[in-house]
Amino acid sequence: MTETWIGKPIRRVDGPAKVRGALKYAGDYYAPDMLHCRLVLAPHPHAVIDAIHTQAALAVPGVVRVLTAKDLPGEKYFNSLFEVMRPVLVVDKTRYIGDVIAVVVAASEQAASIGAAEVRIDFTPLTLVDDPEKVIRGEYAFDIHAGRSNILKEIHYSSGDVDAAFARPDVLTLEQTYHLQSMDHAFIETESGFAYPEDGGVRIISGSQSAFHNRAQVAKCLALPEEKVRMIEPQTGGAFGGKANVTVHILVGLAALLTGKPCRMVWTRKEHFISAIKRHPLKITLKTGVTRAGDLVAHQSRTVVDKGAYIEIGSVFLDTVVENLTGPYKIPNVKVDAWTVFTNNLCSGAIRGLGAGEGCLAIESQMSQMAQMIEMDPIEFRIRNLLHQGDTHGAGHQLLKPVGTHTALQTALKHPLWREHRSMKPALRGNIRRGVGVAIGMKGYSMGINDAWDYSTAIMELQPNGRIMVKLNVLECGQGALTVLSQIAAETLNCPIDMIDLHTADTTETLDAGMTAASRMTYVLGRGTQRAAQELARMILAVAAQEFDTPVENLQIVNGVVVDKNTTGRYPLSLVAEAASQPLKVVVNERIPLSEIPSKGPLAHPHVLYSSMVQIAEVEVDIETGQVALKQMICFADLGRAINPQGVEGQCEGGVALGMGYALMEKIHLSEGRVQNPDLSTYPIPTSWDVPHVETIMIEEPEDSGPFGAKGIGENATVPTAPAILNAIEDATGIRFTSLPVTPECIVQALALEDTALR
């Protein structure tokens with residue numbers, strides 16, 4: 001079949017409506033008689049709630065109700081993706097400053113805000129648990145969650161003999177500790193929802209990443225059958241993992257159910273900064289051994305993760321950090337010690353890359369420093385130690401499928417920026433110093449780690465008008481999933497892409513296919529879409545053959561029309577739909593397999609599929625002011641096959657922007673558990689002035705299990721960005737920074753302490 005839609009920069013199917021402002025986001029839904037909801041957050045990060053006084057709030061004109069935990073008709077706690085433990089509304093005590101004490105429901109936003117300020121809370125402060133190292137040492141006398149340890153999970157694993165390898169006379173060692181900060185997702189649209197009573201239940205419209213998971217939690221807490229809760233995910237103004245769990249859903253649904261009116265909840269930016277999940281802060285200590293010839297022989301890690309108050313994504317974050325701490329490298333002797341602990345700091349969860357970026361920051365910083373120690377080109381050093389298919393990963397499992405990392409590195413080695421960067425080292429002008437750095441991110445794709453098996457569902461139907469309806473539980477949050485999945489459907493059916501209609505995440509119309517996360521849309525839902533389209537095409541040709549009395553092998557679909565290869569017969573799909581005795585509809589359920597080869601390491605079921613990204617960063621550092629300008633980033637994307645090259649470029653550009661913010665700008669500052677910079681005026685993020693030129697070079701080595709050879713790109717676009725920037729800064733200044741973000745103040749202070757020839 002001649003390919004028509006795959007590999008082409010097709011315009012986004014939602015693009016025209018988006019630029020016209022015609023798309024509706026959750027905060028755009030209104031009703032004439034709707035009510036507005038405002039949060040009342042915890043007065044102290046760790047305290048017993050003695051009493052909640054609502055009388056003054058209820059006396060505010062326009063306030064209708066003040067909801068507290070006693071108003072919940074069902075369960076008081078919901079499932080944070082992996083375990084039930086987080087309160088919808090505080091029941092007994094607060095565990096972080098973002099806990100919700102009450103919700104004020106009023107006829108106007110102003111009344112709701114005034115009412116929220118009038119709620120009075122009597123509380124007894126408890127000792128603040130805010131130091132993860134003290135948690136590990138057992139220095140706190142009580143647990144945040146009664147009956148369970150403050151240590152959520154720990155991993156201890158070793159292979160080979162690390163001590164003996166480090167003791168070898170030909171081995172050089174490098175030991176560094178990396179401090180990684182809490183970071184906000186900073187998406188444009190804050191957490192938002194609109195709900196109204198419907199048929200004895202409730203309909204909730206909210207931009208979130210997991211409609212079916214959220215429906216289950218709403219139903220449980222509102223004491224409703226799941227079929228009485230309809231969750232709809234509209235277009236969403238960014239997510240990056242920050243909308244993977246329940247936020248507004250139960251609260252706005254409860255308000256609608258109890259008041260009998262439509263209710264709207266849109267978090268303020270301050271509410272978002274205080275209550276929403278953040279990137280995990282953590283400390284990683286690595287000790288790595290390399291021979292003078294350039295072979296990695298030993299690697300020891302100690303990792304401490306601050307989980308915050310609740311489980312959220314569970315222990316999977318720690319698993320993924322450990323999976324990425326050895327990078328894509330062959331290391332025969334490995335020792336791992338890792339903990340994730342509860343504290344009263346901010347609640348931590350998923351953000352683009354989920355542990356891969358943190359592990360990559362540490363190992364890729366080590367790699368460039370070790371290459372410098374043995375005077376070897378950093379890319380050639382990486383190539384020398386690279387894992388290949390069949391090798392044993394540092395986390396103890398076999399690499400089952402090919403990865404295009406070797407090709408990406410070889411391509412990067414020949415790129416003009418890398419070839420010429422040594423000769424371009426001298427000062428550009430005055431105090432400006434130039435540096436170039438490289439890093440690799442290799443991330444497991446889809447959900448398949450430690451029994452988090454993945455699956456795909458798709459519904460596809462030939463409509464009476466001859467158009468194709470595709471129903472998928474997918475959220476469009478800017479990543480371009482709708483376009484890619486439309487391309488896969490159009491290519492498989494050999495019809496124009498504008499014949500494809502998409503109905504996305506709606507628990508009444510679509511089937512559960514997991515969350516929109518883990519870079520899984522193209523690979524996992526793409527597989528389901530391709531299979532459904534193949535089956536629908538078979539059904540269409542079978543009906544056409546019977547109706548038009550033609551052998552089915554003579555028929556094919558060409559440009560959305562059934563064509564008889566042996567005659568001039570052309571049959572529009574609308575005629576086929578009319579001829580069918582029943583609607584032509586396909587439902588596909590597909591499970592993505594876990595590894596069948598047991599791991600010898602800490603991951604029971606490691607990822608089967610990996611993809612990689614090599615990035616080269618060029619920076620200019622002003623050694624007087626400490627300002628870092630990221631001038632360009634070259635992305636070598638191992639993605640299997642590019643379904644939409646323009647979409648790949650967009651993912652790389654967005655991923656670099658997020659990784660740049662992580663490396664140079666962004667940090668949530670806490671003091672005794674309280675956020676000190678809860679707005680975008682004190683929490684800087686990259687702007688269009690800051691983001692550099694991004695060149696994307698696609699490494700296409702098709703993955704045979706993916707739709708048309710595709711794997712995916714989303715998270716890997718940001719995983720190696722921060723270490724590439726840090727490596728470039730060291731190349732420019734001679735100083736290795738091990739704490740993020742590397743702000744101008746950090747650089748100026750480090751230069752003042754450094755005895756260097758830069759000045």
Side-chain angles (χ1 to χ4, degrees), residues 7-10 12 352-353 357 360 364 368 377-380 382-383 404-425 428 434-443 478-480 519 611-621 628-664 686-701 710-729 731-732:
K8 292 188 176 180
I10 304 301
R12 290 178 59 127
R352 193 172 184 175
C360 180
E364 287 301 300
S368 286
D377 179 277
I379 291 182
E380 292 178 349
R382 286 169 167 85
I383 291 172
T405 317
H406 185 269
T407 305
L409 282 170
Q410 291 285 2
T411 307
L413 189 63
K414 300 171 186 174
H415 192 277
L417 177 60
W418 191 258
R419 274 203 327 263
E420 300 165 10
H421 78 281
R422 293 300 173 199
S423 62
M424 298 167 65
K425 280 281 290 189
L428 299 183
R434 179 180 179 277
V436 175
V438 66
I440 310 172
M442 188 180 89
K443 186 186 182 300
Q479 80 278 41
S519 307
S611 185
S612 61
M613 170 74 73
V614 175
Q615 291 182 342
I616 301 176
E618 179 189 5
V619 302
E620 291 180 4
V621 182
V628 177
L630 180 59
K631 304 303 292 183
Q632 63 175 319
M633 182 73 79
I634 318 299
C635 300
F636 303 85
D638 155 41
L639 42 70
R641 178 125 185 251
I643 301 295
N644 189 326
Q646 189 176 60
V648 173
E649 291 174 356
Q651 287 281 39
C652 288
E653 290 162 3
V656 167
L658 191 150
M660 175 188 181
Y662 188 40
L664 300 176
T687 69
S688 58
W689 290 99
D690 303 304
V691 177
H693 168 71
V694 178
E695 178 185 352
T696 301
I697 297 171
M698 298 169 208
I699 308 300
E700 294 192 275
E701 296 184 353
K711 288 192 284 193
I713 186 64
E715 291 170 289
N716 252 339
T718 200
V719 167
T721 302
I725 292 171
L726 262 62
N727 291 338
I729 291 173
D731 188 49

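Numbers here are sequence positions counted from 1. Below, all heavy atoms of this structure are taken into account, side chains as well, without hydrogens, waters or symmetry copies.
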Spacing of OG1 belonging to Thr405 relative to CE belonging to Met613, to within rounding of 0.5 Å: 11.0 Å
Nearest-0.5 Å distance, CG of residue Leu413 to CZ of residue Arg419: 9.5 Å
Nearest-0.5 Å distance, CD of residue Glu649 to CD1 of residue Ile697: 11.0 Å
d(Arg641 CZ, Leu639 CG) to nearest 0.5 Å is 10.5 Å
Which atoms form the tightest heavy-atom contact between Gly404 and Ser612, and what is the distance? C-OG, 4.1 Å
Closest heavy-atom pair, Leu630 versus Glu618, reported as atoms and distance to 0.1 Å, is CD1-O, 3.5 Å
Under a 3.5 Å distance rule, please check whether Arg12 uses its side chain to pair with a backbone N or O of Gly478 as donor and acceptor. yes
Can you name the closest pair of heavy atoms from Tyr662 and Ala722 and give their distance? CD2-CB, 4.0 Å
So Glu364 and Pro720, do their side chains get closer than 4.5 Å, heavy atoms only? no
So, does Asn716 use its side chain to make a donor-acceptor pair with the main chain of Ser611 at under 3.5 Å? yes
Distance-minimising heavy-atom pair for Gly655 and Thr721: O-OG1, 4.0 Å
Rounded at 0.5 Å granularity, tell me how far CD1 in Ile616 sits from NE2 in His415. 6.5 Å
For Pro378 and Trp418, the nearest pair of non-hydrogen atoms, with its separation, is CD-CZ2, 3.7 Å
Got a sec, which residues hit side-chain contact (heavy atoms from CB on, under 4.5 Å) with Thr407, two or more places apart in sequence or on another chain? Thr411, Ile699, Glu701
Sub-3.5 Å donor-acceptor pair from the side chain of Asp690 to the main-chain atoms of Thr687, do we have one? yes
Within-4.5 Å side-chain heavy-atom neighbours: Ile383 and His406: yes
Point-to-point distance, once rounded to the nearest 0.5 Å, from CD of Gln646 to CD of Gln651: 12.5 Å
Closer than 3.5 angstrom, by distance alone: can the side chain of Thr718 be matched with the main-chain N or O of Gly659 as a donor-acceptor pair? yes
Which atom of Val436 lies closest to which atom of Asp731, heavy atoms considered: N-OD2, 2.8 Å
Compare all side-chain heavy atoms of Leu417 with those of Glu695 and state whether any distance is below 4.5 angstrom. no
Would you call Cys635 and Gln615 a side-chain contact if the rule is heavy atoms closer than 4.5 Å? yes
Is any side-chain heavy atom of Asp638 closer than 4.5 Å to one of Lys711? yes
